[in-house]
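Shown next, in structure tokens, is the structure this report addresses.
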Amino acid sequence: MIKLKNVSKYYYGKGVVATGFSKVNLELNLGEFVAITGESGSGKSTLLNVISGLDTYEDGEMYINGEETSHYIEKDFEEYRRKNIGNIYQSFNLINSYTVYQNIALVLMLNGEKDIKNRVIELIKKVDLYKFRNTKVSRLSGGQKQRVAIARALAKDVPIIIADEPTGNLDKRSALSVMKLLSELSHDKLVIVVTHNYDQVAPYVTRKITMHDGKILEDVKVKDIDNKATYKPSKLNTLSIFNRFRLGFRNTFNIIPKFVLLLLVFSFIVGALMSEYSSFRKEETQSKEEASNVVFKNKSVNRIVLKKKDKSVITDNDLEVLRKLDNVDYVVDNDLLLDTELGLRDEDDNYWVRTFIMPYINFKNTVDVGRLPENDNEILLEMNEDCYYFSYERDKMLEKEWFFVNDYNETAANNKKLKIVGISYNNHLNYDDIYSYVGDTLQKELKVEIHKQFSDVVINFYGKNHKVDRYSTAFQLTPSDRVPVGQAYIPERYSYLCYKNDCLWSTFDVTNNNLYYKDTKTFTISRTYNKKNITSMVDIPDYKKDNFEFQYDGKIYINTQDFLSLFDKENYQASVFVKDKELVHDTALNINKLGYETLEIKDTLVELGFAQYIRIIKLIITIALVVTLFFISYFIIKIILKSRNTYYSIIRMLGGTKNITTELLVIELMLVANIAYFIFMIFVYINHMGMINVKLFTDIYEVFKVNDYIILYLIVVGMAFVSSMRYSRKLFKDSVMKSFKEEV
């Protein structure tokens, strides 16, 4: 059955070589009850470990049923132990966090047994521990633990039973019972017992071996054996998938301090990754929002600009259909307003700053100074708290009257007096950006000025075309109710352009041309003006004549009705703002199906060149953090898991393969990682619901997408997987006994 030929076992440590046993020659067969005796340190237990495949040997050859084992690797010894060896250990090697039932059932589970419960109960009764079946073995006496170890060994129906001092912790009666049981087993098995008390086993043994100083001093045949047994290694299955997860779940929670420590480690990992990744995402989002665009002033990535494919007018019915589409938050019909920049001037001409016009429906912030608008002429400003233009005048702004003015300081919206009633601070804005939020009525009044800004206006004056420059007063069309319909007042200095320097009652054409329409009107020149007579002809205060050359000379005045007929047109373009910016493209496709051409603003944004380099650097930092976190967490996890070395070594002693034991470790760490991750997600959700208020959770909810959660989840469980695989490689790289005795 088992034959040792000149087998030696040595131990190496700190430059010293120690002998476990030397040049042992031995042959053991089925049906024998072998007792090995000798003083402590004589090599008895070491010999048992080699015979049972728990430890390796250095010299000689060990045969198992005639097969050489010197070429065996750990995987081969695992298979040998599973199918051939049942161990009863001197130190019990029980799992203290398991109950009596669980310790015995573990062997059957590892061997793929199906009818476990009845078999375990039968064995528990055989060793007289039935009333302790649900008691953790850590609460048992030494004798009770020994009986659990014996029952566990008997659970494996294998040809070899190896017992190291099996009765050392038992009373005389229990010891006698165990010896009788082992004697009965030896009729068709090989039973090897190491003992200091030979007299206790003498009535049962068939062979006595005495060891001294690592050598066999005596090998005496005590009685003949009637051996008709044949070698039949157990036919065992492997641990089922269900039981692997069952054990993994049990191992996760059976030692609460260990579970809490691992949970804290993985919670730290999740928190650190979430914090760094959200910072990266936030900066990336902010970089995109600050991307440049020379055409569109409103650069919201939620915005979709649209027009009809046939360039026809967008009606109220069209707008209503758009509002009802999925993912549409709101629709701005006076779309050009979003990309309009006007001046903001007070009644005394003390201020003239650039401001972006915004529909009030766009306002999503809070009011920090004043209140929300209530009337048509009231507006709300949004600016950086450190805005350059209004750093020291916040309170005075709410007391003055204001006007919107165009590029040449002409008041827009029919000279309407405005009142600033509220100020909102948005520190994401540039220091010189100011947004004016206006209501529906004021939007419509500004529409004329807006259409004029976005149109190409050409005046054909005596056969020569003059393109109107929005930044100059030259040929600038200006409305005045004092001018008769169809007529025009021109500067006196334009007379040189006419025949014999006389322009009166001659005509000129005005063409308004833009993306959607072209309109031409003819006007008759009925009067000319200069600095002296302008105040009597059109509506400007007399005191402003001092600025005549700068602000007025060059303008062409026409009747307000004529002015509106040129520029007060229907809307041909609108903007849709979506609720979920991740679905902006899908929403655009749905709008296209309704007969529109669309432009997604996010596709028009161009980031500054250095932003790309900053993103790459940030990505490198994030990757470096992940690597650093892994090694820090692995170091801590390794310290925590040292308390589990004994557990995983016992699993292997009982027949668990290295792969199965590794899988149990993987399941345990990955389960803890999952718990930590989803606890973190629960806190993000309850923070969003307003139950708590943590900035980190708020940032995560605002900037994370579904794929971000998935990426971070994969990183966390990946780190758990790699940690468990790395640890198991170190733990299981040597023989079972070396792993059992040494630290990783």
Side-chain angles (χ1 to χ4, degrees), residues 1-7 21 24-37 44-55 57 60-70 72 76-89 107-108 111 113 119 123 126 149-167 178-195 198 201-211 216 218-236 653-655:
M1 173 62 190
I2 295 179
K3 181 179 180 181
L4 282 73
K5 186 176 181 180
N6 293 323
V7 174
F21 58 84
V24 169
N25 291 280
L26 191 63
E27 187 170 351
L28 305 168
N29 296 295
L30 291 176
E32 288 190 295
F33 190 138
V34 181
I36 302 177
T37 64
K44 304 185 302 297
S45 295
T46 303
L47 179 60
L48 285 191
N49 290 334
V50 170
I51 291 173
S52 59
L54 293 173
D55 214 344
Y57 59 92
E61 185 67 75
M62 183 172 77
Y63 300 87
I64 299 174
N65 205 36
E67 181 182 350
E68 294 180 353
T69 62
S70 56
Y72 272 21
D76 298 314
F77 280 115
E78 285 177 350
E79 191 69 10
Y80 163 63
R81 289 195 301 272
R82 287 188 71 238
K83 294 183 177 182
N84 295 277
I85 305 296
N87 287 92
I88 302 173
Y89 301 96
V107 178
L108 299 175
N111 293 328
E113 296 285 345
R119 175 68 172 147
L123 290 167
K126 183 174 286 190
I150 292 169
R152 184 182 62 183
L154 297 179
K156 290 180 71 175
D157 185 16
V158 289
I160 304 172
I161 300 294
I162 295 178
D164 192 355
E165 298 286 356
T167 60
V178 169
M179 287 298 106
K180 287 180 66 176
L181 181 59
L182 292 175
S183 177
E184 292 172 1
L185 292 173
S186 67
H187 291 306
D188 59 355
K189 300 179 186 295
L190 168 61
V191 176
I192 307 172
V193 176
V194 165
T195 181
Y198 178 73
V201 300
Y204 308 102
V205 300
T206 64
R207 185 173 173 184
K208 178 185 177 184
I209 297 174
T210 304
M211 295 192 70
I216 293 179
E218 181 184 38
D219 186 352
V220 178
K221 183 178 179 182
V222 177
K223 64 177 68 171
D224 293 330
I225 61 172
D226 183 16
N227 183 16
K228 296 181 181 179
T230 57
Y231 172 65
K232 293 181 180 179
S234 298
K235 294 181 179 179
L236 304 175
M653 289 177 181
L654 298 178

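- Checked by atom type and distance alone, the side chain of Glu218 never pairs as donor or acceptor with a backbone atom of Met211 at under 3.5 Å.
- In terms of heavy-atom proximity, Gly31 sits nearest to Ile225 at O-CG2, 3.5 Å.
- Atom CD of Glu68 sits about 10.5 Å away from atom NZ of Lys3, to the nearest 0.5 Å.
- By the 6.0 Å contact criterion, NZ on Lys208 is enclosed, its count of non-hydrogen atoms from other residues, nucleotides or ligands being greater than 12.
- To the nearest 0.5 Å, the span separating NZ on Lys156 from NZ on Lys83 amounts to 11.5 Å.
- The minimum heavy-atom distance linking Pro159 with Leu30 is given by the pair O-CD2, 3.7 Å.
- Put simply, the side chain of Lys126 never gets that close to the backbone of Ala151: no donor and acceptor are under 3.5 Å apart.
- Looking at Asp164, its side chain never comes within 3.5 Å of a backbone N or O of Tyr89 through a donor-acceptor pair.
- Atoms CG and CG, on Leu108 and Asp157 in that order, are 10.5 Å from each other to the nearest 0.5 Å.
- Under the 3.5 Å distance criterion, the side-chain polar atoms of Ser52 are left unmatched by any main-chain donor or acceptor of Ile85.
- Ring orientation note: the planes of Tyr72 and Phe77 are nearly perpendicular, at an angle over 60° on the 30°/60° scale.
- Checked by atom type and distance alone, the side chain of Lys44 never pairs as donor or acceptor with a backbone atom of Thr195 at under 3.5 Å.
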Open item on the list: Under the criterion side chain to side chain donor-acceptor pair (under 3.5 Å), I'd like the reasoning laid out for Glu32 against Thr206: C-alpha separation, chi angles, the key distance, then a yes or no.
Closed with: CA-CA 6 Å; Glu32 288 190 295; Thr206 64; 4.7 Å; no
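- Residue Leu185 holds its CG atom at 5.5 Å from CG of Leu154, rounded to the nearest 0.5 Å.
- Between the CD1 atom of Ile161 and the CG atom of Leu181 there is a distance of 9.0 Å, given to the nearest 0.5 Å.
- For the residue pair Leu26 and Leu47, the shortest heavy atom distance occurs at CD2-CD2, 4.3 Å.
- Put simply, the side chain of Arg81 does not reach to within 4.5 Å of the side chain of Asn87, judged on heavy atoms.
- Considering every non-hydrogen atom in both Tyr198 and Val205, the closest pair reads OH-CG2, 3.4 Å.
- Put simply, the side chain of Asn25 gets close to the backbone of Asn6: a donor and an acceptor are under 3.5 Å apart.
- Side chain of Tyr57 to main chain of Ile51: no donor-acceptor pair is present (N/O by atom type, distance under 3.5 Å, no hydrogens or angles).
- Here the options are Ile192, Leu4, Val191, Ile160, the test is side chain to side chain contact (heavy atoms under 4.5 Å, CB included), and the partner is Leu28; only Ile192 passes.
- Proximity of Phe33 to Arg207: side-chain heavy atoms (C-beta onward) are nowhere separated by under 4.5 Å.
- The distance from the CE atom of Met62 to the OH atom of Tyr80 is 5.0 Å, given to the nearest 0.5 Å.
- When all heavy atoms of Pro166 and Val193 are compared, the pair lying nearest together is CD-CG1, 3.7 Å.
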Open item on the list: Using the rule given for side chain to side chain contact (heavy atoms under 4.5 Å, CB included), can you reason through Ile209 versus Ile216, listing the C-alpha separation, both sets of side-chain angles and the distance that settles it, and then say yes or no?
Closed with: CA-CA 7 Å; Ile209 297 174; Ile216 293 179; 3.9 Å; yes
